[in-house]
Amino acid sequence: MNIYNDLHSIIIQIANKLGLKDRYILDKITSEPPKEKSYGDISTNLALIGSKILNKTPHNLADEIIKELLKLKIVSKALVAGPGFINLHLEDKVWHECCKYALDKKSDYGKNELGKNKKVNIEFVSANPTGPMHIGHARGAVYGDSLANILCFSGYEVTREYYINDSGEQVNNLARSVYKRYLEILTNKKLDFENDLYPGEYLIPIAKKIIKKYDNKFSDKSEPVWIDRFKRISINHIMDYIKKDLSNLGIKHDIFISEKSLISSNSIDKVVNILRNKNLIYEGELEPPKGKKINNWEIRKQLLFKSSHFGDDVDRPLTKSDGSWTYFASDAAYHYEKCNRKFSTLINIWGADHGGYVKRIRGVVQAVSESQIDFDVKLCQLVNIVKDGKPVKMSKREGNFISLKSVVDTVGPDVLRFIMLTRKNDASLDFDIKKVTESSNENPVYYVQYAHARIKSLHKKASIEGIKDIDFVNDPNFSLLKNTSEINLMKLVATWPRVIELAAKSHEPHRITYFLTDIASEFHYLWTLGNSREELRYIIPKDKELTIARLSLAETVRTVISSGLQLIGVKPLEVLK
RNA sequence: GCGCUCGUAGCUCAACUGGAUAGAGUGUCUGACUACGGAUCAGAAGGUUGGGGGUUCGAAUCCUCUCGGGCGCGCCA
């Protein structure tokens, strides 16, 4: 039950009746709660959209529409306002019905069928297997996982996927770094880690493991002898680190796809052939970028993808100078492979530093899927770590990464997850270590949790007064609740399905945290009213019917908060310490 | 040099994707607790949405120019 959708379809019917049939026009009609509460419950721009086509003034057209709307039993008032908006006020019983429905559905309240029979793939995290996760990875991880939850709730069949970049120079350097540690331990001497190597101490246990198994077998051997073995062992070990980090955040991927396996299964050749057949690949030369100093740029022929056909500024190379594939080539193969798995939507969660990469991959997806697959890339801005009011620079060289584990260990996964969703993905986010670890009341998550815990404590109190849980669903008489704040609370409960839909459609999980803060705020307000006005308290021992109605309302609020928190991966608390 | 992206209250950010008088938190000031949990609530103050131009009934949102920050621009991934 989504009252906003119900009314919107009625409004579209009226539009049809008036002679508006064009799909393009109909799509421009909106029905939404106005920002200003006093305007009413739902506002539509139908008269503004239709006036030109029907050759009427917006106000005249609005009068006709209002006549139709007033025929509906649930509409108490319909007024034209401003340039031609129509504002609808609904009967209170509408909200009563919504709340009864919510009570009945419990934790299923808010589900919808947007994604019925649709498969969606969300690729997120995909941190390189060269070290444990640091705090900067957390945002994409939380964002992707929460979005996956929301899409599940909206009826999609969701696959959570992790792409392991286990091929190329980067993982060679990983193996070389482990080898250094291996020699260090065997010779008991400190070695120098050159620029491209990983100096982190987390590689020492891996080296020890190798020594335990092979002793000094590789200490005097040349690189080709040991590198593949070192690589395999190191990657496996580090992926275990990463999986542990993810699991501490409550995240579990369904599928881990290996770049290396794509290369060995010839997927790259396949996608290159397909693109070649579509005339999107050619041998050509690339100019060096202007205004940027590049040493040793030599113009040479290479295999290029015509990404400029898809809005990219230049065509992009598929091969390196030594003839091996670029990262783009294997990523093209990866996306080709995803397209073959019959998803209707592919979502990629990337760091903002990959922004320049979007167009070429979109080009590949469009080309191989004949534009049949929705493709959305969400770029998460980097997280600025702030300590004592100053930004902390993290660098691989200095090894001063703040590990995800250390933050989760101090603040817990719930606080971290909530904070990461208090910004929309494309805005940068300041993560103040001090604020988050030391003064917990600065965290908005506690504000919401507090509302949840208060409602839980109402249950306990009520059962002392002889009102058991079972009474909540026993057809509460919501018409006893007439205070503005009570009605507002019901309206917020009624809005919940709409919030989910919007979050799912726009791929914006942060809407959930904002909504939860709103509904918690209204709840706290009503609670405090009870301080000065005893008749507005939730529990009125002399009036059982009223108490049940009010507690039932509180229970719908709790239901919404509880499922909202769970959607973003936060555990609702029954008690705040 | 080119491309992408962001710019909103002192600070950190929202704004239902083109809607009406741009909203929260925090900070500052002033108030409300013998309470169903004060980790709460109320009030005050704070704005030319970086700037100019354009599109239309209507712009923080779209187009254009401009200023400023971030990211990226073959042989890292």
Cation-pi geometry met for A:R360 and A:F328 (6.0 Å, 45°): yes
Under 4.0 angstrom between A:K52 side-chain N/O and B:C57 OP1 or OP2: yes
B:A20 base stacked by A:Y39 (centroids within less than 5.5 Å, tilt under 30°): yes
Donor/acceptor link under 3.5 angstrom from A:R498 side chain onto base of B:C16: yes
Phosphate OP1/OP2 of B:C16 contacted by A:K505 side-chain N/O (<4.0 Å): no
Aromatic ring proximity, centroids under 6.0 angstrom, A:F418 and A:Y447: no
Sugar-phosphate only, base, or nothing, as touched by A:L502 at under 4.0 Å among non-hydrogen atoms: sugar-phosphate
A:S457 vs B:C36: side-chain N/O to OP1/OP2 distance below 4.0 Å: no
A:Y447 aromatic ring stacked with six-membered ring of B:A39, 5.5 Å and 30°: no
Aromatic-base stack, A:F85 on B:G19, cutoff 5.5 Å, angle under 30: no
A:H354 side chain near B:G70 phosphate (N/O to OP1/OP2, under 4.0 Å): no
OP1 or OP2 of B:G25 under 4.0 Å from side-chain N/O of A:Y446: no
